[in-house]
Amino acid sequence: MIKISFPDGAVREYESGTTSMDIARSISEGLARNVLSASVNGEVWDASRPIQEDAAIKFYTWNDKEGKSTFWHSSAHLMAEAIESLYPGTKFGIGPSIENGFYYDIDTGDRVLSSSDFAKIEAKMKELAKQKNEYVRSDVSKADAVAYFEEKGDEYKLELLEGLDDGSITFYQQGAFTDLCRGPHIPDTGKIKAVKLLALAGAYWRGDENRKQLTRIYGVTFPKQKELTEYLELLEEAKKRDHRKLGAELELFMFSEKVGAGLPIWLPKGTALRTRLEDFLKQEQIKRGYQPVITPHIGKKELYETSGHWEKYGEDSFRPIHTPKEGEEFLLKPMNCPHHCEIYGHKPRSYKELPVRFAEFGTVYRYEQSGELHGLTRVRGFTQDDAHIFCTPDQLKDEFLNVLDLTMHVIKKLGYENFTAQISLRDPENTEKYIGSEENWNRAEQAIIEATQEAGLETVTELGEAAFYGPKLDFMIKDALGRRWQLGTIQVDYNLPERFELEYVGSDNQTHRPVMIHRAPFGSMERFIGVLIEHCAGKFPLWLTPEQFAILPISDNQIPFAKEIEQELSVHDIRGYIDDRTESIGRKIRDTELKKIPYMLIIGEKEAESGKVSVRKQGEGDQGTMSVSEFISYFKELL
RNA sequence: GCCAGCAUAGCUCAGUUGGCCAGAGCAGCUGAUUUGUAAUCAGCGGGUCGGGGGUUCGAAUCCCUCUGCUGGCUCCA
């Protein structure tokens with residue numbers, strides 16, 4: 001007998017060799033029906049795998065992240081089975097579960113798959129699911145595993161086997177399909193009731209662009225048809241929030257084929273929004289001792305040779321600009337920091353003036369591969385809310401904490417709650433990607449780790465995500481479709497001051513090297529606003545929105561009164577316009593609702609006579625009537 | 001850049017297997033209507049079917065190529 005302990009602390013005895021499924025069944029049939037996998041001593045196992053010794057056990061169902069991931073991983077196998085049966089000879093790469101579903105990378109040889117094949121594959125998957133085939137786990141020796149895939153001619157699985165140790169290799173088989181797999185899997189395919197293949201994409205084998213590109217098929221499955229329907233509706237809803245769609249509808253920005261891909265053009269309303277956002281940060285920075293500076297959009301190639309950017313990115317960038325007579329070479333500015341280093345270095349600096357903080361909304365241009373461009377979130381020209389702080393090593397931690405405070409202030413002001421703070425460090429396996437000494441890197445990485453700990457910030461750490469000159473603290477926020485974007489960033493840099501030979505004279509009358517902090521709370525105005533649009537579905541915070549009200553006269557007779565109100569509101573810095581079209585009030589309301597103008601002031605004969613306005617809130621409806629001054633104080637309360 | 005897909009009026013979309021002057025709704029313009037909380041009515045204008053090349057008696061439709069866009073991959077100072 002073995003002792004099985006449960007999450008609630010209970011301990012029960014079972015025969016050795018019992019399975020989680022047996023245990024679940026001993027508790028209730030309902031539980032047994034829902035169990036997809038189970039944690040056994042902290043490891044996720046098949047529910048059907050025999051347990052031989054005392055264990056702490058926890059069941060996973062569709063309501064657990066682990067249960068879903070087991071379900072989707074098994075679904076990937078089911079899809080592979082369907083594909084193998086429809087297209088014999090297909091070779092298989094890897095097929096994991098992901099955040100929302102699963103994918104499988106396959107090599108179909110000369111056959112080109114396209115999304116028009118999805119229906120056929122889905123139908124086959126459903127047919128195979130109905131057979132309720134069990135997922136059968138078996139231990140296989142490395143030699144047998146190699147023999148199996150050699151026989152099958154699957155070089156991808158053979159390559160995966162190379163990295164595995166004999167004795168740790170398992171196969172899973174369901175129906176006619178056998179795969180090299182660590183598991184775990186759900187009990188049988190019958191649990192998969194709803195199937196949808198979503199997308200097809202090329203994906204390089206093992207993520208290496210020099211290797212063969214496989215076909216990746218993304219899909220999602222559910223235990224109930226209804227859940228699939230709901231999920232697809234959710235995707236439709238998310239599409240409505242897409243900043244590219246809303247940006248066009250609300251006339252915030254545009255792109256032009258003639259101007260060029262990835263070069264956003266800001267329309268008047270988008271500019272109003274962006275300017276307000278910039279002004280907010282500019283004022284905040286003045287309060288915190290930043291000095292605004294302005295630098296040119298181009299700089300000599302030598303500048304970026306000094307900084308290291310040319311060596312690191314030059315070959316894959318926009319080509320240099322040449323002067324026609326002198327033959328000088330200039331680059332479109334890809335970063336503001338080299339310019340700011342020059343500002344620091346233009347005169348001798350004393351420790352007494354440190355820290356100095358140069359701030360600039362600097363527009364930079366970077367070549368991005370055409371396939372990477374994406375609305376406002378991945379572009380070739382964008383404006384960073386950049387600043388560089390030059391300080392003594394002693395001041396570094398305080399300065400970092402000040403920047404962190406400013407960044408959190410910005411994030412909170414815009415109402416982001418679900419952000420991730422990511423510490424981006426060097427890739428220890430690949431240190432030649434970075435400039436600067438081991439010592440400088442260690443100091444910079446330590447500074448970030450210590451400061452975030454001191455601030456009590458919850459962070460995740462990613463290796464290999466650092467900039468080439470220093471580690472970063474990045475703030476990541478998800479867009480409507482769950483894609484994660486880096487917005488704000490704070491970077492500690494010991495290396496550029498060295499490259500630019502920046503100095504200050506200390507109290508000891510000796511020259512010292514300053515430390516530099518690169519920081520951008522928004523990151524880029526373009527990306528920030530893109531994500532903001534999706535975050536608030538185009539309904540911007542009142543202080544930020546381009547137009548705060550629309551006055552809707554019921555007939556032309558109320559236009560003079562409308563003008564009086566507009567005048568009075570503008571005195572109080574409340575911005576908006578009069579819809580003076582000769583249209584029905586129903587039409588005016590509808591159009592204003594669709595433009596997501598927060599407040600509608602409806603005035604008819606009654607209001608004009610009594611000097612009041614009928615207030616309607618976007619998305620919520622009639623709020624009743626009030627005098628103009630009452631509206632002004634009501635409105636100001638909301639700012 | 002790579003893989004797959006898409007590109008018809010300002011926008012959203014029709015346009016059967018290649019075949020009469022390429023259609024609709026919304027938007028726009030003109031006129032009428034002066035309206036009480038999400039679309040008043042009528043009339044009119046608008047497209048070299050993304051650009052270029054080819055196949056064909058004939059191309060929005062088939063082929064090639066370029067550009068742009070979508071979803072991924074790689075990349076992201």
Side-chain angles (χ1 to χ4, degrees), chain A residues 103 105 112-117 198-218 239 242 244-245 248-249 251 255-258 260-262 304 307-314 316-317 333-338 364 366-375 377-380 384 386 433-435 465-470 472 481 483 485-486 489 491 493 496 518 524 527 552-559 581-594 600-607 614-625:
Chain A
Y103 67 78
D105 284 347
V112 176
L113 278 190
S114 85
S115 46
S116 56
D117 299 305
L198 295 169
L200 179 145
Y204 300 106
W205 172 234
R206 307 212 122 176
D208 183 342
E209 67 177 322
N210 298 314
R211 304 197 65 181
K212 184 160 182 177
Q213 195 163 47
L214 305 181
T215 303
R216 174 170 299 178
I217 300 181
Y218 287 89
K239 271 189 198 161
D242 192 312
R244 293 163 298 188
K245 184 176 160 62
E249 281 173 11
E251 298 189 329
F255 290 91
S256 147
E257 268 191 43
K258 284 206 183 89
Y304 304 101
S307 70
H309 289 100
W310 174 255
E311 190 191 346
K312 180 79 183 163
Y313 294 104
D316 301 315
S317 285
K333 167 165 86 172
M335 283 291 276
N336 302 300
C337 38
V364 296
R366 297 175 185 175
Y367 167 74
E368 304 285 356
Q369 299 183 92
S370 55
E372 263 313 320
L373 301 173
H374 182 92
T377 48
R378 191 78 186 267
V379 291
R380 285 176 172 169
Q384 295 176 311
D386 212 357
K433 285 183 0 193
Y434 308 98
I435 60 167
E465 294 294 310
F468 73 92
Y469 50 72
K472 312 188 282 179
L481 288 171
R483 286 175 290 220
W485 296 98
Q486 178 207 309
T489 181
Q491 312 175 359
D493 181 3
L496 287 193
H518 309 241
S524 102
R527 178 177 289 180
L552 313 183
I554 288 182
S555 84
D556 292 354
N557 297 330
Q558 287 86 44
I559 289 179
R581 295 174 304 164
T582 308
E583 284 290 353
S584 70
I585 192 64
R587 158 55 66 105
K588 289 182 185 180
I589 288 169
R590 178 181 158 80
D591 289 348
T592 316
E593 286 280 348
L594 293 175
M600 280 160 262
L601 304 179
I602 297 164
I603 51 172
E605 217 169 303
K606 276 186 283 176
E607 286 78 7
S614 172
V615 178
R616 184 187 164 104
K617 197 169 177 181
Q618 200 271 346
E620 292 182 25
D622 198 351
Q623 308 286 301
T625 56

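Basis for what follows: all heavy atoms, side chains included, without hydrogens, waters or symmetry-related copies. All chains are named by letter (A, B, ...) in the order of the sequence lines, taking the proteins before the strands, and each is independently numbered beginning at 1.
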*asked:* What contact category does A:Arg206 fall into here, base, sugar-phosphate, or nothing, at under 4.0 angstrom with non-hydrogen atoms?
replied: nothing
*asked:* Only Watson-Crick and G-U wobble pairs with both distances less than 3.5 Å should count. Give RNA chain B in dot-bracket notation, marking inter-strand partners with |.
replied: (((((((..((((.....[...)))).(((((.......))))).....(((((..]....))))))))))))....
_Does A:Asp556 contact B:U34 through a side-chain donor or acceptor facing the base, at a distance under 3.5 Å?_
yes
*Touch check for A:Glu249, heavy atoms < 4.0 angstrom, all strands: base, sugar-phosphate only, or nothing?*
nothing
*If you look at every strand shown and take non-hydrogen atoms under 4.0 Å, does A:Phe255 touch a base, only sugar-phosphate, or nothing?*
nothing
*Select base, sugar-phosphate, or nothing to describe what A:Tyr103 touches, counting heavy atoms under 4.0 Å on all strands.*
nothing
_Mind checking if A:Ala201 touches a base, just sugar-phosphate, or nothing, with heavy atoms under 4.0 Å?_
base
*May I ask you to evaluate whether A:Lys472 reaches the phosphate of B:A77, defined as a side-chain N or O under 4.0 Å from OP1 or OP2?*
yes
*Do any side-chain nitrogens or oxygens of A:Arg378 fall under 4.0 Å of OP1 or OP2 in B:C75?*
no
*For A:Lys588, which contact category applies under a 4.0 Å heavy-atom criterion: base, sugar-phosphate, or nothing?*
nothing
*Once each nucleotide of nucleotides 37-45 of chain B is scored for protein heavy atoms under 4.0 Å, what B/S/- sequence comes out, 5' to 3'?*
BBBB-----
*Starting from P on B:C75, measure out to CZ on A:Arg483 and report it in whole angstrom.*
18 Å
*asked:* According to a cutoff of under 5.5 Å between the ring centres and under 30° between the ring planes, does A:Phe468 stack with the base of B:A77?
replied: no
